[in-house]
Amino acid sequence: MGRLLNIMSVLSLLLMAVVLFSVRRSHIRVEYSVSWLGAALILLVLSRSPGALYWIASQLGLTDPPLALLILVFCIFLVVIYRLSVVISDLKDANIAMAQRVAIIEFQLQSLNEKQ
Amino acid sequence: MRRAAQPNQLMILIPAFNEEGAVADVIREVNQVMPGVPVLVTDDASRDDTYTQAKSAGADVLRLPYHLGLGGCVQAGYKLAFELGYEYVIRVDGDGQHDPKYIPALLDVLRKTGCHMVIGSRFYQNNGEHTSSVRAIGIWVFRLVLRPILGKPVHDPTSGFVGVNRDTLRVFTGSFPLEYPEIEALVVLQRKRFRFEEVPVRMRKRKAGRSTITAIKSLYYIIHVLLGVFVNILKFEGRRRKR
């Protein structure tokens with residue numbers, strides 16, 4: 001279990017570093033980095049608190065704390081991915097509406113030019 | 001294209017994507033059947049010569065800056081028609097499958113019955129039309145699913161040969177399904193308690209190009225549309241997402 005928790009801690013730190021680096025290079029906007037940093041922080045704290053992990057495992061009725069950690073990892077990233085799906089859907093809607101508006105404005109401009 | 005000059009004016013909408021081989025003939029046929037009626041081609045960022053062909057055939061062309069798919073392309077045309085004040089819009093596909101000689105029949109039903117949408121149906125009143133087996137299975141499934149939702153049978157739910165009135169245009173400018181829109185659009189209208197009618201038509205073979213629904217995509221199409229139908233039933237419109 002100790003090795004798994006150590007691996008998890010390293011991965012969390014790695015995730016934080018990658019996200020912070022991406023924000024610095026403007027590959028990810030700050031508002032979208034928050035979910036990833038939050039998820040990485042929760043994982044780091046849990047992987048460094050075996051007591052908390054035992055408690056969560058017992059609450060979930062699991063005898064294996066690493067399994068509880070894996071379930072938590074899955075749930076946390078599910079939330080992050082869901083949030084991103086909402087963002088992508090909003091962007092797609094806005095993008096389509098904007099493309100249609102651009103086409104209509106261009107059409108009307110062309111009509112005006114043809115009239116003159 | 002001018003604003004609708006008089007009340008109850010009709011516009012013909014032809015969505016087209018890579019239809020250089022067929023679109024000009026479709027426009028000419030429409031002009032022969034409905035002289036003087038404005039024809040708008042919405043070019044979904046075709047990579048071929050669709051834009052020039054449509055222009056040279058005398059249509060107005062709304063050119064999308066990039067490919068949006070059928071739903072986005074049709075909705076763009078509906079938005080422009082609504083803004084220009086048209087009362088009726090009849091959609092005729094740019095591949096030549098929809099015979100423009102049925103346009104007067106569709107318009108007649110729209111005007112006389114006051115229904116919100118009219119569908120040119122291959123299978124209404126059993127006019128002997130056949131389609132590929134995969135598509136026939138899909139249509140059978142959709143009919144079965146849509147019957148209780150719509151409260152009446154719809155014989156050809158996948159037909160894109162449709163006419164709508166201004167009330168429907170208003171709804172579609174705000175909410176129109178993006179992929180494979182025909183069936184989901186019926187559910188969108190049902191949520192508004194709008195009425196639709198069917199008119200028997202015969203479809204032709206497409207003149208050029210390829211269908212957007214290939215055999216491989218058929219299964220995806222059926223699942224996607226069924227999911228879309230159920231999502232549209234459950235959709236909560238009280239709080240729209242900010243745009």
Side-chain angles (χ1 to χ4, degrees), chain A residues 15 19-20 22-42 71-116, chain B residues 1-4 11 13 15-17 38-46 50-51 54-55 58-86 169 172-179 181 228 231 235 237 239-243:
Chain A
L15 178 60
V19 172
L20 288 172
S22 301
V23 173
R24 203 173 123 83
R25 298 287 296 266
S26 300
H27 294 154
I28 300 180
R29 291 183 65 86
V30 175
E31 55 267 36
Y32 301 123
S33 70
V34 175
S35 325
W36 288 113
L37 289 174
L41 195 66
I42 292 170
I71 290 173
L72 278 172
V73 168
F74 177 75
C75 291
I76 288 167
F77 285 108
L78 213 59
V79 171
V80 173
I81 291 167
Y82 171 77
R83 190 172 172 273
L84 291 179
S85 295
V86 172
V87 170
I88 290 169
S89 300
D90 268 346
L91 280 175
K92 180 159 184 179
D93 282 350
N95 200 270
I96 287 169
M98 192 169 67
Q100 291 172 334
R101 182 51 46 200
V102 166
I104 289 172
I105 290 171
E106 197 180 27
F107 177 87
Q108 285 167 338
L109 266 177
Q110 213 171 0
S111 300
L112 275 175
N113 285 339
E114 281 168 11
K115 269 184 203 168
Q116 285 169 358
Chain B
M1 178 171 280
R2 292 182 189 151
R3 294 192 70 82
M11 188 186 96
L13 173 64
F17 175 60
V39 178
L40 176 73
V41 173
T42 44
D43 176 15
D44 197 6
S46 298
T50 299
Y51 177 82
K55 275 294 223 188
D60 287 299
V61 185
L62 177 66
R63 199 178 199 180
L64 294 168
Y66 50 86
H67 187 62
L68 293 184
L70 182 60
C73 176
V74 172
Q75 192 189 33
Y78 283 154
K79 283 183 175 178
L80 183 59
F82 184 75
E83 286 176 20
L84 293 176
Y86 286 91
L169 276 182
F172 283 168
T173 54
S175 172
F176 195 70
L178 290 178
E179 278 187 80
V231 169
K235 216 170 184 177
E237 291 191 357
R239 201 185 69 199
R240 289 181 64 80
R241 273 189 295 197
K242 61 178 183 232
R243 292 281 162 94

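Please read these numbers as outputs of a predicted model, since none were measured by experiment. By convention in this document, chain letters (A, B, ...) are assigned in the order of the sequence lines, proteins followed by strands, and residues within each chain are numbered from 1.
- Closest approach of B:Pro65 to A:Ala103, counting heavy atoms only: CD-CB, 4.0 Å.
- Of all heavy-atom pairs between A:Phe107 and B:Val61, the closest is CD1-O, 3.3 Å.
- Atom CD1 in A:Ile96 sits 10.5 Å away from atom CG in B:Leu64 (nearest 0.5 Å).
- With a threshold of 4.5 angstrom between heavy atoms, B:Gln75 approaches chain A through its backbone and through its side chain.
- Here the straight-line distance linking atom CD of A:Gln108 with atom CG of B:Leu80 works out to 6.0 Å at 0.5 Å rounding.
- A 6.0 Å sphere centred on OH of A:Tyr82 holds no more than 12 heavy atoms belonging to other residues, nucleotides or ligands.
- Taken from CD1 in A:Ile104 to NZ in B:Lys79, the straight-line distance is 6.5 Å, to the nearest 0.5 Å.
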